[in-house]
Q: 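Submitted below is the structure of interest, expressed as structure tokens.
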Amino acid sequence: VIAINNKFPGPTINSTTNNNVVINVRNKLDESLLLHWWDLYFATIFVKSGIQQRRSSWQDGLPGTNCPIPPKWNWTYQFQVKDQIGSFFYFPSLHFQRAAGGFGGFIINNRDIIPIPFGSPDGDITILIGDWYTRNHTALRKALDAGKDLGMPDGVLINGKGPYRYNDTLVPDGIDYETIDVHPGKTYRLRVHNVGISTSLNFRIQSHNLLLAETEGSYTVQQNYTSLDIHVGQSYSFLLTTDQNASSDYYIVASARFVNESQWKRVTGVAILRYSNSKGKAAGPLPDPPQDEYDKTFSMNQARSIRWNVSASGARPNPQGSFRYGSINVTEIFVLKNKPPVTIDGKRRTTLSGISFVNPATPIRLADQFKVKGVYKLDFPSRPLTGPTKMETSVINGTFRGFMEVILQNNDTKVQTYHLSGYAFFVVGMDYGEWSENSRGTYNKWDGIARSTTQVYPGAWTAILISLDNVGVWNLRTENLDSWYLGQETYIRVVNPEVTNKTELPMPDNVLYCGALSKRQKPQDISFATSITTSSSKLFLAVLM
């Protein structure tokens, strides 16, 4: 596995709204690295899934914005978790490395002066679930390069561990499994993230309800679920009340969705919820998954039921619903369509609107900074191409302070999950069939959830609205790792015509150079964080295989 500080999964990073965070990354791999901070509004090449790098795509950790950290080098990420709260995770964004690990949780707590819309939990627990292949990420990468499918995963991990032996036939003896210890009569906040490769998972805990409270930085209308579908790249917070008797332990289950369940039984993650006064081991069959093999609307209706808590305060004291997105005029419309993989110039590729994205040798943001020509084209089509598919570095030209409507149309046979770096968008509609202008009549214009990752069901569409208030170059991609690796992505470039530090921070002093600018890079230029005078968290991450 790829471990962080000798841990798999990596350590959870715990911060508070508006903290400055300094993370020094030492790359001990034998290949280059970027960490992405999921859903955070900042940038690094360790990708932060969901953290919105406000005013700083320099820290987003993606090849379109950052040069990779070479093997044996250090590099320091430095960003502010500005005006954000919630549950996120980080992971490596290059070379299919996420399939080998390198991921961990990232928590942003509310400031003390901002009330949260539920009582303070008695504990805070991070749970990372995801499909897993026993082949190394380099072998999986070679299979994709050779035009092959990855096939069925070997299992589902929960916090890096295999399944509890709930069935002697399906689960061999001797596998290490995760145990979560709780006390009776308490309430715990569970932050659950699907960090896998391409499998949608149903999450459930035997005999317990899951009270949904937050997703990817937005407080939700609180609703109980016996189980919830969590798609690749998505994050949810549940409140779990330990109100059952302790006659035995309870199963925690993450099982594959939208598959032939008889063939995928062994691809099930099982952990244990153990009360401190438990009287015995969990036994018997697992709690049932949704019985919807012939009802394709069940999961979609469940997704539609997740709504924004418009009266709750988020990172700021004003209610979340004070931003009335439904009354803002749309200035730009893009219909993005994906299809099953195609062959382009003899290579198996995935596409978005007929274009398979090619990552440039020189990152887009760096090319803009130094006016390097020919790195990319600012010509991504607003409607899918009707001619032959092509491989290009084609980028969406976003208008600063515009309001963009994006329709994600999935014409593939499996669920696709889409993520946009640097922003939280509003999920306003989804349905089966082809989207049309008349589909807008079904949009939720009041309490559609604001998040950074949304699912699009096969043969269906999802509509999102984006307020383009964050200057930078931001990645829009499928989170299905195999499809992402093969080209199903693009970037949205948002430029303020008036150059000012108020809307974008300057290029960092320790920026790495590559591609057309590689001569600027000093050899072995190992840089460390500069001092920060405001409230900050300083961390050191060593990434090793």
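Excluded from the calculations below are hydrogen atoms, water molecules and symmetry mates; all remaining heavy atoms, backbone and side chain alike, are included. Owing to the predicted nature of the structure, the values given are computational and were not obtained by experimental measurement. This chain uses plain numbering: 1 for the first residue, then up along the sequence.
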Q: Please report the shortest heavy-atom distance between Val375 and Pro360, naming the atom on each side.
A: CG1-CB, 3.6 Å

Q: Do other residues, nucleotides or ligands put more than 12 heavy atoms under 6.0 Å from the CG atom of Asn318?
A: yes

Q: Check Asp482 with Lys414, please: is the shortest side-chain N to carboxylate O separation under 4.0 Å?
A: yes

Q: Parallel, tilted or perpendicular for Trp474 and Tyr423, by the 30°/60° rule?
A: perpendicular

Q: Is the side chain of Ser32 donor-acceptor paired with the backbone N or O of Pro68 at a distance under 3.5 Å, no angle test?
A: no

Q: Using atom types as modelled and distance alone, determine if a side-chain donor or acceptor of Arg477 lies under 3.5 Å from a backbone N or O of Ser421.
A: no

Q: For Gln416 and Glu479, does a side-chain donor sit closer than 3.5 Å to a side-chain acceptor?
A: no

Q: Please answer whether the main-chain N or O of Leu486 pairs with a side-chain N or O of Thr350 as donor and acceptor at a distance below 3.5 Å.
A: yes

Q: For Ser356, is there any backbone N or O sitting under 3.5 Å from a side-chain donor or acceptor partner on Thr351?
A: no

Q: Ignoring hydrogens and geometry, is there a side-chain-to-backbone donor-acceptor pair from Arg135 to Leu150 under 3.5 Å?
A: yes

Q: Side chain to side chain contact (heavy atoms under 4.5 Å, CB included) for Trp132 and Asp154? Distances and angles first, verdict last.
A: CA-CA 6 Å; Trp132 186 261; Asp154 296 295; 5.6 Å; no

Q: What's the shortest heavy-atom distance between Val232 and Gly196, and which atoms?
A: CG1-O, 3.5 Å

Q: Less than 4.0 angstrom from a charged side-chain N to a carboxylate O is my criterion; do Arg451 and Glu216 meet it?
A: yes

Q: Please check this pair: side chain of Gln320 against backbone of Asn309, looking for a donor-acceptor N/O pair closer than 3.5 Å.
A: yes

Q: Centre of Phe91's six-membered ring, under 6.0 Å away, within 45 degrees of the axis: is that where NZ or CZ of Arg98 sits?
A: yes

Q: Parallel, tilted or perpendicular: which describes the rings of Phe203 and Phe238, with under 30° parallel and over 60° perpendicular?
A: parallel

Q: Taking Ile69's backbone N and O only, do any of them form a donor-acceptor pair with Asn27's side chain (distance below 3.5 Å, no angle check)?
A: yes

Q: Do the side chain of Asn194 and the main chain of Ser200 share a donor and acceptor less than 3.5 angstrom apart?
A: no

Q: So Phe79 and Phe106, would you call those rings parallel, tilted or perpendicular, with 30° and 60° as cut-offs?
A: tilted

Q: Give the intermediate values and the outcome of side chain to side chain contact (heavy atoms under 4.5 Å, CB included) for residues Phe89 and Val195.
A: CA-CA 8 Å; Phe89 64 94; Val195 297; 3.7 Å; yes

Q: Under the side chain to side chain donor-acceptor pair (under 3.5 Å) test against Arg191, which residue among Thr12, Thr126, Asp124 passes?
A: Asp124

Q: Answer yes or no: are there more than 12 heavy-atom neighbours, outside Arg401 itself, under 6.0 Å from its atom CZ?
A: no

Q: Please find out if less than 6.0 Å separates the ring center of His137 from that of Phe96.
A: no

Q: Below 30° counts as parallel, above 60° as perpendicular, anything between as tilted: where do the rings of Phe323 and Phe403 land?
A: tilted

Q: Any donor and acceptor pair, going by atom type alone, linking the side chain of Asn19 with main-chain N or O of Val21 inside 3.5 Å?
A: no

Q: Under a 4.0 Å threshold between the charged nitrogen and the carboxylate oxygen, would Arg493 count as salt-bridged to Asp368?
A: yes

Q: Is the backbone of Val499 close enough, under 3.5 Å, to the side chain of Glu504 for a donor and an acceptor to pair up by distance?
A: no

Q: Please work out which of the three classes, parallel, tilted or perpendicular, describes the rings of Phe118 and Tyr219, given edges at 30° and 60°.
A: perpendicular

Q: Please indicate whether Lys347 has more than 12 foreign heavy atoms, meaning atoms of other residues, nucleotides or ligands, lying under 6.0 Å from its NZ.
A: no

